[in-house]
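Residue numbers start from 1 in every chain, and the chains themselves are labelled A, B, ... in the order their sequence lines are given, proteins ahead of strands.
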Protein chains: 2
Amino acid sequence: MYKPLFDHIGKFVNLEASDIDKLKSCLELSKIKKKEHVLIEGQVCNTIYFVIKGCMRQYIINSKGAEQTLQFGIENWWITDYLSYHNHVPSSFYLQAVENTEVIAIDKTVLEALLTEIPSLERYFRIVSQKTFGAMQMRIKFLFTMSAEERYHHFNDHFPEFVQRVPQYMIASYLDFSAEFMSKIRAGKI
Amino acid sequence: MYKPLFDHIGKFVNLEASDIDKLKSCLELSKIKKKEHVLIEGQVCNTIYFVIKGCMRQYIINSKGAEQTLQFGIENWWITDYLSYHNHVPSSFYLQAVENTEVIAIDKTVLEALLTEIPSLERYFRIVSQKTFGAMQMRIKFLFTMSAEERYHHFNDHFPEFVQRVPQYMIASYLDFSAEFMSKIRAGKI
DNA sequence: TAAAAAACTTGAACTACTTCAAGAAATGCA
DNA sequence: TGCATTTCTTGAAGTAGTTCAAGTTTTTTA
């Protein structure tokens with residue numbers, strides 16, 4: 001049941017059998033119901049989540065009271081508020097399940113201890129977070145250079161199933177335009 | 001002369017004397033003249049840079065032929081194209097010195113070998129990249145929730161010296177608005 | 001220190017989006 | 001199954017920004 005995580009780790013590093021056991025003994029599967037939060041604004045985030053099944057999102061509530069999705073986390077993604085996690089400061093974000101979701105939730109103190117014990121695991125997280133950072137650099141590029149319509153088509157071309165999977169208004173805010181505008185793009189009225 | 005790097009590492013992990021020696025023997029200072037590039041679009045990025053003195057920037061050339069700065073790297077920052085670096089794919093970015101700059105440039109093969117040998121260094125890079133990712137999450141939040149004018153004032157309040165230090169049109173594109181608009185904000189004409 | 005190059009400013013015209021409001025369609029739940 | 005809730009659509013009016021073009025100021029270089 002932790003297989004997806006060990007498969008993912010195996011893509012980047014080789015863990016010894018003893019390390020796998022050690023890690024396994026610290027893991028716990030948790031189920032999060034659709035719309036349930038695992039983090040709300042103002043809380044300090046002390047947990048990191050690996051999505052086994054389902055979908056999580058990170059969002060904020062803007063000055064007009066509207067939700068804006070900043071990040072999704074689907075199968076085989078880690079999701080957390082890294083700034084709150086590392087600096088022990090109150091989070092600016094909400095972390096919520098978009099669907100009924102199964103995650104492996106690892107507490108910071110548990111994870112930090114594991115990382116010191118298992119250098120390969122440290123390596124895994126280093127590689128994954130650098131790659132994720134690289135993806136974020138590309139995202140900034142797309143946000144800066146493409147029009148709203150281009151962003152929609154680009155995203156839809158790359159992740160067609162995902163666009164079907166979550167509400168349109170979440171995709172719209174993730175791509176930084178209004179839900180109404182997305183509706184018009186889809187209808188070809190732009 | 002590598003002191004800034006060892007100071008920075010020391011903030012996050014403790015390196016043994018032998019590790020410091022090992023690392024030191026692999027480092028090399030390099031000087032980059034203002035406007036000189038260390039990476040251009042289409043090249044594979046095989047190097048990671050730590051800024052000792054000066055300022056680097058990552059930028060793209062958009063469809064209208066204009067430069068857009070996506071990221072700055074000042075003293076004590078690491079800068080590279082992480083996606084190109086990790087996936088061995090051609091870069092979408094330019095990396096250029098904004099001022100005459102001194103960097104420690106570490107080749108990927110050298111660094112990867114060092115990281116396997118020195119687990120604390122792996123830990124250092126894991127922590128730094130997760131923190132940087134956290135900062136990027138906040139940046140996305142600001143881009144999504146603040147108006148151009150708010151972004152300018154927020155940035156200017158937090159980094160007043162930096163705003164003086166680099167050309168306005170680079171700051172403008174980093175904050176995702178036009179140089180002309182920034183000029184009008186500064187003149188109070190908005 | 002003059003000339004060239006780079007950076008900044010200004011106003012006028014334009015446009016890619018947002019906002020609002022209301023209704024229609026789809027989905028979830030008792 | 002039917003009612004409530006959530007999500008999506010549509011059009012009209014508004015606006016936060018861009019683009020363009022030209023002039024001014026500042027910085028760099030020979």
Visitor: Would B/F125 and B/W78 count as a close aromatic pair, with their ring centres under 6.0 Å?
Guide: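 Yes, the ring centres sit under 6.0 Å apart.
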
Visitor: 5'-most contact on DNA chain D: A/M170 or B/K34, nearest heavy atom basis?
Guide: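 This one resolves to A/M170.
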
Visitor: Out of C/dA21, C/dT18, C/dT9, which nucleotide sits closest to the side chain of A/E180?
Guide: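 Selected nucleotide: C/dA21.
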
Visitor: Is NZ or CZ of B/R139 both nearer than 6.0 Å to the six-membered ring centre of B/F144 and within 45° of the ring axis?
Guide: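 B/R139 over B/F144 ring: no.
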
Visitor: Which nucleotide sits closest to the side chain of B/Q168: C/dA12, C/dC8, C/dC17?
Guide: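 That would be C/dC8.
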
Visitor: Going 5' to 3' along DNA chain D, between which two nucleotides do contacts with chain A fall, using a heavy-atom cut-off of 4.0 Å?
Guide: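 Taking any atom under 4.0 Å from a heavy atom of chain A, the span is D/dT6 to D/dA12.
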
Visitor: For A/N100 and C/dC29, give me the distance from atom CG to atom C1', rounded to whole Å.
Guide: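 Nearest whole value for this atom pair: 14 Å.
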
Visitor: NZ of B/K35 versus P of C/dA5: gap in Å, rounded?
Guide: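 That distance rounds to 11 Å.
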
Visitor: Rounded off to whole Å, could you give me the CZ-to-P distance for the B/F181 and C/dT15 pair?
Guide: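 Nearest whole value for this atom pair: 18 Å.
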
Visitor: For B/F155 together with B/F142, are the ring centres under 6.0 Å from each other?
Guide: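 So the answer is no for these two rings.
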
Visitor: Centres of the A/F177 and A/Y152 rings: under 6.0 Å?
Guide: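 No, ring centres 6.0 Å or more apart.
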
Visitor: Looking at the side chain of A/K184, which of C/dT18, C/dT10, C/dC17 is the nearest nucleotide?
Guide: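 Nearest nucleotide to the side chain: C/dT18.
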
Visitor: Between B/Y82 and B/H86, how do the two ring planes meet: parallel, tilted or perpendicular, split at 30° and 60°?
Guide: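 If you compare the ring of B/Y82 with that of B/H86, the planes turn out parallel.
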
Visitor: When the nearest nucleotide of DNA chain C is assigned to B/Y169 and to A/F177 on a heavy-atom basis, which residue is associated with the more 5' position?
Guide: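 Nearest-nucleotide comparison on DNA chain C picks B/Y169.
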
Visitor: Separation of B/E67 atom CD from C/dA6 atom C1', in whole Å?
Guide: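 Rounded to whole Å, this separation is 12 Å.
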
Visitor: Starting at CG of A/D176 and ending at C1' of C/dA16, how long is that distance when rounded to a whole Å?
Guide: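 Nearest whole value for this atom pair: 13 Å.
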
Visitor: Is the B/F12 ring parallel, tilted or perpendicular to the B/Y124 ring (thresholds 30°, 60°)?
Guide: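 B/F12 and B/Y124: tilted rings.
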
